[in-house]
2 protein chains.
Amino acid sequence: MRLTRAAEYAIRCIIYLAKQGRGVLANKNDIAERAEIPPHFLAKIGQDLAKAGLIEIRQGAKGGFVLVKEPRDITLLEVVETMIGEIYLNDCVARPSGCNALSACGVHQVWIRARNQLRDTLRQATFDKLIKKKICIPVSDVKNLTGLNNTRGRDNSPEPVKNLP
Amino acid sequence: MRLTRAAEYAIRCIIYLAKQGRGVLANKNDIAERAEIPPHFLAKIGQDLAKAGLIEIRQGAKGGFVLVKEPRDITLLEVVETMIGEIYLNDCVARPSGCNALSACGVHQVWIRARNQLRDTLRQATFDKLIKKKICIPVSDVKNLTGLNNTRGRDNSPEPVKNLP
DNA sequence: TTTATACAAGACAACAAACATCTTATTTAT
DNA sequence: ATAAATAAGATGTTTGTTGTCTTGTATAAA
């Protein structure tokens, strides 16, 4: 009953892009480094985010990820469910056909309620609100990372980040 | 982000016992059969429930499980967390030491809120309320299952149950 | 006191999911 | 053309879930 790492990484990736704003291209390795995501893993995560229409992937030299939607139109729920599928919390709710009492079951009703609350809370959290607050990723000077000739010229970055949500 | 089967089984087990009432002994194999729990698995689950003080296990001939607490004093949260540990929903909340922004992080705050709501909802669901509703386990004629000489005399039971919460 | 019944305790195994890496191919800017 | 950058997916490692099995111990009843 815990969020997967892939989903936590996806959230950080979107935060990074949202900080830059919609339509701004970000180098994949820059994202990986700043958001502390294993680079190859980020590639896979990016593909899921692209399929869901959250980002666009530019191939080739000077390629990278671009946020497609406005941060205010992206919810935490959307990012999470893109990565882990629709949230159900328990099997009985996920596959009602396997449950003989269906919605009449008292336990079932509690789980339905819990699920709805959880999804509502995550849906209320839009990325425009999230990036206004202090956030786990230090992206204050994001834009000049992908600057002209600094393929590895980023070692004056702030101290490395630990694990973050 | 899904409840484990062990926890779903534990809930069914407690419902079975709660229907009988506190202090009433139930044969383990009867519970396993009626609540559709693999018998050996129920043994392990029972041990966890006993350690948590929810049930008492009687060994030897005519042994079985006995509910220790009143159904009104047992919550769904208690049973669930006995089986899967305290609910955190994400790593960042579970191990704040690994997160550099701590409670100041906007994403963190959303998860804290979601977690509290979920736990509150599960805490409000006490088993006296749950067994008053229609429930997935058919336990109407529970008491005469463990009756005198019916070690295998239970084949007049209602049609078998599918998967339940 | 012997026997059958029933649970304890924990080792073990099959399977699935999560987590991550690596390789080969393709796309694009210069 | 060449180098940079991602695509796509095969593969590997680790962890967790979901059980089963074996050996031992406790208890009731003959």
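The sequence lines fix the lettering, A, B, ..., with proteins before strands; numbering per chain opens at 1.
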For this session: Please report, rounded to the nearest Å, how far the C1' atom of D:dT6 is from the CG atom of A:Leu25.
Result: 11 Å
Problem set entry | Any side-chain heavy-atom pair of A:Glu86 and A:Arg115 under 4.5 Å | yes
Exercise. When the distance from CG of A:Leu42 to P of C:dA20 is rounded to whole Å, what number comes out?
Worked result: 12 Å
Exercise. Would you say B:Val66 and B:Leu17 make side-chain contact, with heavy atoms under 4.5 Å?
Worked result: no
Problem set entry | Note, B:Ile87 side chain near B:Val80 side chain (heavy atom, < 4.5 Å) | yes
Exercise. What residues form a salt bridge (Lys or Arg N to Asp or Glu O under 4.0 Å) with B:Arg22, not counting sequence neighbours?
Worked result: B:Glu70
Exercise. Please give, in whole Å, the distance from D:dA7 P to A:Asp48 CG?
Worked result: 11 Å
Problem set entry | Test side chain to side chain donor-acceptor pair (under 3.5 Å) applied to B:Thr121 - qualifying residues, sequence neighbours left out | A:Gln117
For this session: For A:Thr75, check side chain to side chain contact (heavy atoms under 4.5 Å, CB included) against everything at least two apart and list the hits.
Result: A:Leu77, A:Glu78, A:Arg123, A:Thr126
Problem set entry | Nucleotide C:dT5, atom C1' - distance to NZ of B:Lys28 in whole Å | 12 Å
Problem set entry | Heavy-atom check, side chain of B:Val79 versus side chain of B:Leu122, under 4.5 Å | no
Seminar exercise, completed: Separation of C:dA8 atom P from B:Leu49 atom CG, nearest Å, is 11 Å
Problem set entry | Min side-chain heavy-atom separation A:Val110-A:Arg113 under 4.5 Å | no
Problem set entry | Partner residues of B:Ala7 under the side chain to side chain contact (heavy atoms under 4.5 Å, CB included) criterion, sequence neighbours left out | B:Leu3, B:Thr4, B:Met83, B:Ile84
Atom pairs under 3.5 Å, N or O on each side, protein against nucleotides 1-3 of chain D: can you list them with distances?
none

Seminar exercise, completed: Numerically ordered, the residues 50-60 of chain B set in heavy-atom contact under 4.0 Å with DNA chain C is B:Ile57, B:Arg58, B:Gln59, B:Gly60
For this session: Would you mind listing every ring-ring contact (aromatic ring centres under 6.0 Å, His included) that reaches into residues 61-87 of chain A, with sequence neighbours excluded?
Result: none
Exercise. Along nucleotides 11-19 of chain D, 5' to 3', which nucleotides get a B, which get an S, and which get a -, given that the test is a protein heavy-atom distance under 4.0 Å?
Worked result: ------SSB
For this session: Look at the side chain of B:Asn29 and decide which nucleotide, out of D:dC21, C:dC7, D:dA5, has an atom nearest to it.
Result: C:dC7
Seminar exercise, completed: Between CE of A:Met83 and P of C:dA20 the distance, given in whole Å, is 12 Å
Name every donor-acceptor pair, under 3.5 Å, that has one atom in a side chain of residues 47-60 of chain A and the other anywhere in the protein, sequence neighbours excluded.
residue, atom, partner, partner atom, Å
A:Glu56, OE2, A:Arg58, NE, 3.0

Exercise. Among pairs that include at least one residue of residues 20-42 of chain B, which meet ring-ring contact (aromatic ring centres under 6.0 Å, His included), considering only residues two or more places apart or in two chains?
Worked result: B:Tyr9-B:Phe41
Exercise. What's the CD1-P distance between B:Ile37 and D:dT20, to the nearest Å?
Worked result: 12 Å
Problem set entry | Whole-Å gap separating C1' (C:dC7) and CD1 (B:Ile45) | 15 Å
Exercise. Roughly how bent is the helix from C:dT1-D:dA30 to C:dT30-D:dA1 end to end, in steps of 10 degrees, with each end axis from five pairs?
Worked result: 10°
For this session: Determine whether B:Arg72 and B:Phe127 make a side-chain contact, defined as any pair of heavy atoms from C-beta on separated by less than 4.5 Å.
Result: no
Exercise. Which part of the nucleic acid, if any, lies within reach of B:Gly64 when heavy atoms closer than 4.0 Å are counted: base, sugar-phosphate only, or nothing?
Worked result: sugar-phosphate
Exercise. Any side-chain heavy atom of B:Glu81 within less than 4.5 Å of one from B:Arg119?
Worked result: yes
